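Basis for what follows: all heavy atoms, side chains included, without hydrogens, waters or symmetry-related copies. Quantities reported herein were computed from a predicted structural model and do not represent experimental measurements.
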Amino acid sequence: MSNLNDNDSVSSCCCRVRPAETEKSNEKNNGENNSTVFYSNLSNLYEILEPYFIAVSGLSLLASFFHFVHTPFDMAWVAVLLCGTPIFYDAVKTLWKLRISVEVLISTAILATIIADIFFPAESHHSYIFAGGEVAFIMALGHSLEAWTIARARAGIENLVRMTPQTARKCVDNTCVDNTESIIPASEVQCNDLLRVLPGETIPVDGEIVSGNTSIDQSLMTGESLPVDRFEGDTVFGGTINCFGSFTMRATRIGEDSSLARMIQLVRNAEQKKARIERIADRWAAVLVPIALMAAVAVGVITYFVLGQSGESWQESLREPLRRAVTILVVFCPCSLVLATPTAIIAAIGNASRYGILIRSGEALEQLSKVNVLAFDKTGTLTHGQLRLTAAQSFDNEYDSNGVLALAASVETLSEHPLASCIVKAAAEKHLELEQTSEFEMFRGEGIIVQLSGVLSGDLVIVGNDRMLKRYALELSDFQKTQAEKHFKLGETVIWVARQSRDRLKTEVVGFLALADTIRETSKKAVEQIQSNGVEVMLLTGDNDRSAQTIGEQSGILNIRANLLPDSKVAVIEEMQHYGSLVGMVGDGLNDAPALKTADVGIAMGRVGSDLTVDAADIVLIGDDISRLPFLVQLARKTKRTIFANIILSMGINVVAILLASAGIMGPIVGALVHNAGSILVVLNASLILNIRREKE
């Protein structure tokens, strides 16, 4: 898989299919898929009407059993028609594909009740068709519950596409003399075009800076909380935001080759690979159908030769064999088995929602219960995702730490850089009084110098990075370097503060400020609890090694991968999956969307997470409290255990019912009622999941 930051030469640029060619292809495909669209629309219409059909069918079964309504036909036929038709359709469709599903067994049982009802119109005061209607009703109810739990996670491609730049500033005659440029659609940019990008604009395509320097918000690609300084010769990504200075760039990757387009494709590919997990009943269908048919035929034949031949007519001879055979088919129908999974999942989803956890599908819970590796993004996930002042160091007796902060904040009020706003905010939280300022000069990618106009009128204050110190030939002492190095090792950003006297004869470093994205208070305990459940935890981040190692150590994570772009995260996850691991991914940024979709289960941070991230995830933590993750893992495992308990319970009931039906003790009507009893027990057992409580902090 290619890396998003590969620096291909200009000559390697290539243009892909243009929109016009794509439209022609789409028109052809649309013509070929008209029939598919028709059946898809018909299916969507039934899904809308299905709850009403189920309600009407339930009422019709009650009317049939208690004879509330006197009609020329048995009211159970309503349930057979409304709920049974889709089952017959699915059975034919799977048989056409030479596969066996649970619908085949259900259809066979319903068809048997219809045939029995035709030849033997009534058994006691109930008809055979009641049993068929009841089976169809339970199956439709189970399908409806299952469909409710399977809220398919959308890739959110539309949101990402909307972020694709629409226009670009192309330099006139491919030169940037006199800053002249024309606005063109971004889709018309060609390789080697010179483009100008102004502060606040989105970079239209991937390219290389040929003049100017700036700070760029690359969180879209790397998830970094800090804007990154970029200078001549540096690579920039399309879709990222130019925060500070204007610059001229040469386009190197356009169209489908751009980083943003490839990230969109990553999400699409992952969505296609993530196939839906089969229902448990379908897994057993290939075994259940032959066994049910053979058991029904065997019992019918044995009963006929033992009891049936004494009848006065062929109908009387077949009555008891057919009764037992139909009953076996009815009780063999895995109705409670169909309800085993969705009822437990509905209970788990309801329980999780009380703690601000949105679970999109039952598959997500099933996969989470089996996950043995949980990967975390760093920024905004383990950390707060916002820069905070971590330290203020003074080297001048005239200033204490708050004095250094106030001096720096006085200067940074004139700057629009994200670091500046963090410093000003920290000073405001401490209610510090700021100095008055007048003239200022800004050096992009270095810092700012401001002349004071209050009590210290005429003095200059310099705030910036190491390059700013070199500009003014300021040398740091060994002590100052040692103090700053402590923060550098922690992956923090150091901002130097210097002061120049009004006579310009004395310039000295007053102190420095350290800024960092700090770890969440709950991260370490959450990681420890997850690891105690036998799940390996790892860190995947686009940040640098030092920052990643610091957060890893603070949170107790040993397996750390840093400097990862979106496709690199996907590659790491796919590598672990290749070696048999089931991987969960926890992230918050746009750059995490492909990884969330590629992972076996993706978990997004809902508050700071982007729309695309939330759309790509299977589970969303509303409010970004990762201390809920251990509870979520435990809930998933408890749900899995409950599902298996429900399966054993439902199959046990079926086995007993089959033995009673074979002995002639149980008829079709009683067998249908047994389905209801089994289903009720399954639902009651699943409801116990609602009693699971999150451990209090």
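Across all their heavy atoms, Val404 and Leu513 have their closest contact at CG1-CD2, 4.1 Å. The two atoms that bring Thr413 and Leu434 nearest to each other are CG2-CD1, 3.9 Å, heavy atoms only. The nearest pair of heavy atoms linking Trp496 to Val509 is CE3-CG1, 3.8 Å. Across Ala186 and Pro204, no two heavy atoms sit closer than the pair CB-CB, 4.5 Å. Among all heavy-atom pairs drawn from Ala408 and Val463, the shortest one is CA-CG2, 4.1 Å. Scanning all heavy atoms of the two residues, the minimum distance from Asp600 to Ser581 falls at OD2-O, 4.0 Å.
When side chains are defined from C-beta on, Lys430 counts as touching Asn402, because their heavy atoms get closer than 4.5 Å. Proximity of Thr202 to Thr240: side-chain heavy atoms (C-beta onward) are nowhere separated by under 4.5 Å. Counting heavy atoms from C-beta on, the side chains of Met585 and Asp377 come closer than 4.5 Å. Looking at Glu574 and Thr598, their side chains come closer than 4.5 Å, going by heavy atoms from C-beta outward. The shortest side-chain heavy-atom distance between Val197 and Ser246 does not fall under the 4.5 Å cut-off. For the pair Val527/Ile557, a side-chain contact is recorded, criterion being any heavy-atom separation below 4.5 Å from C-beta on. Two residues are said to be in side-chain contact when any heavy atoms from C-beta on lie closer than 4.5 Å; Asp567 and Pro594 fail this criterion. A 4.5 Å side-chain heavy-atom check between Lys378 and Leu539 finds at least one atom pair inside the cut-off.
To the nearest 0.5 Å, atom CD1 of residue Ile462 and atom CD of residue Glu441 are 10.5 Å apart. Asp517 CG to Leu382 CG: the interatomic distance, rounded to the nearest 0.5 Å, is 10.0 Å. With rounding to the nearest 0.5 Å, the separation of OG in Ser523 from CD in Glu528 is 11.0 Å. Atom-to-atom distance recorded for Ile530:CD1 and Gln634:CD is 10.0 Å, nearest 0.5 angstrom. Taken from CZ in Phe247 to CG in Asp234, the straight-line distance is 10.5 Å, to the nearest 0.5 Å. Taking CG of Asp193 as the start and CD1 of Ile184 as the end, the distance is 6.0 Å to the nearest 0.5 Å.
Gln500 and Asp459 share no side-chain donor-acceptor pair at under 3.5 Å. Neither side chain, Thr252 nor Asp206, offers a donor N or O lying under 3.5 Å from an acceptor on the other. Side chains of Glu208 and Thr235: no donor on one and acceptor on the other come within 3.5 Å. Side-chain contact annotation: Glu536 with Asn559, donor-acceptor N/O pair under 3.5 Å present.
A salt bridge links Lys569 with Asp592: the distance from a Lys NZ or Arg NE/NH1/NH2 to an Asp or Glu carboxylate oxygen falls below 4.0 Å.
When each of Leu198, Ile203, Asn242 is paired with Thr214, the side-chain contact (heavy atoms from CB on, under 4.5 Å) condition holds for Asn242 and for no other. Exactly one of Arg546, Lys486, His487 qualifies for a side chain to side chain donor-acceptor pair (under 3.5 Å) with Glu492. That residue is His487.
At distances below 3.5 Å, not a single donor-acceptor pair connects side-chain atoms of Arg169 with backbone N or O atoms of Arg196. Remark: the backbone N or O of Ile216 is not paired with any side-chain donor or acceptor of Arg230 at under 3.5 angstrom.
Annotation: Leu558, atom CG; neighbour count of heavy atoms from other residues, nucleotides and ligands within 6.0 Å does not exceed 12. Other residues, nucleotides and ligands contribute at most 12 non-hydrogen atoms within 6.0 Å of the NZ atom of Lys425.
The salt bridge (Lys or Arg N to Asp or Glu O under 4.0 Å) pairs that include a residue from residues 460-478 are Asp229-Arg467, Glu446-Arg471, where partners are two or more places apart or lie in different chains.
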